[in-house]
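Report on one structure; see the data block that follows.
Along the sequence shown, residues carry numbers from 1.
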Amino acid sequence: MKLTFLGDGSKGIASHAPYNKIIVTAGAPTVPEILLSQLNIGGTLVIPVGDENSQKMVTILKTGEHDYEKHVLDTFRFVPLVGERAW
């Protein structure tokens with residue numbers, strides 16, 4: 001069964017959380033806290049973060065209820081993430 005959602009991607013989909021993986025394919029100015037809160041412990045968020053011209057690929061592993069490991073990779077350029085918690 002496939003589900004399709006239309007809405008503000010910067011907020012995630014809390015009604016189906018928690019998730020093992022969240023992959024964001026649009027650049028964001030910051031990591032939306034709401035997406036971190038929707039991860040399982042042991043879950044991973046991958047999101048490009050930066051300004052409108054370039055972003056760093058950020059990988060965050062949720063290691064505890066409020067604990068995270070953050071890894072910043074190379075520079076990329078994505079379309080902007082739009083919504084209440086983005087641009």
Side-chain angles (χ1 to χ4, degrees):
M1 172 173 69
K2 277 190 172 178
L3 299 175
T4 303
F5 298 91
L6 176 63
D8 184 342
S10 71
K11 295 180 185 178
I13 305 170
S15 62
H16 290 269
Y19 299 102
N20 293 322
K21 296 178 181 144
I22 299 173
I23 300 173
V24 179
T25 58
T30 61
V31 176
E33 291 291 326
I34 197 163
L35 294 182
L36 294 174
S37 72
Q38 291 178 29
L39 284 173
N40 272 320
I41 294 175
T44 302
L45 169 65
V46 178
I47 182 170
V49 178
D51 61 30
E52 294 175 347
N53 296 312
S54 69
Q55 302 86 36
K56 297 283 187 180
M57 187 62 69
V58 177
T59 302
I60 299 172
L61 173 66
K62 188 170 186 175
T63 58
E65 190 60 37
H66 301 286
D67 299 312
Y68 304 92
E69 273 181 30
K70 180 178 176 181
H71 302 276
V72 180
L73 304 175
D74 211 347
T75 302
F76 295 85
R77 184 175 173 133
F78 283 77
V79 298
L81 179 66
V82 294
E84 184 179 314
R85 301 180 190 279
W87 280 297

Working to the nearest 0.5 Å, report the span between CG of Asp74 and CE of Met57. 9.5 Å
Minimal heavy-atom distance between Gln38 and Ile13, with the atoms involved, is OE1-N, 3.1 Å
Test: side chain to side chain donor-acceptor pair (under 3.5 Å). Region: residues 5-32. Which pairs qualify, not counting sequence neighbours? Asp8-Ser10, Lys11-Glu84, Asn20-Asn40
Quick check on the hydrophobic clustering: are Phe5 and Leu35 connected, directly or via other members, by side-chain heavy-atom contacts under 4.5 Å? yes
Please answer: with hydrophobic residues joined when any side-chain heavy atoms are less than 4.5 Å apart, are Leu6 and Val24 in the same cluster? no
According to a 4.5 Å side-chain heavy-atom criterion applied to Ile, Leu, Val, Met, Phe, Trp and Tyr, with indirect links allowed, do Ile22 and Val82 form part of one hydrophobic cluster? no
Considering only heavy atoms from C-beta outward, does the side chain of Val58 approach that of Lys70 to under 4.5 Å? yes
Within-4.5 Å side-chain heavy-atom neighbours: Ile41 and Thr63: no
Nearest 0.5 Å, please: how far is CD in Glu52 from CZ in Arg77? 9.5 Å
Using residues 43-51 as the side-chain source, report each donor-acceptor pair under 3.5 Å to any protein atom, sequence neighbours left out, with the distance given to one decimal.
{"residue": "Asp51", "atom": "OD1", "partner": "Asn53", "partner atom": "N", "Å": "2.8"}
{"residue": "Asp51", "atom": "OD1", "partner": "Ser54", "partner atom": "N", "Å": "2.9"}

If I compare all heavy atoms of Lys62 with all of Ser37, which pair ends up nearest, and what's the gap? NZ-O, 4.1 Å
Test item: Tyr68 and Leu36 side chains (from C-beta on) under 4.5 Å apart, heavy atoms: yes
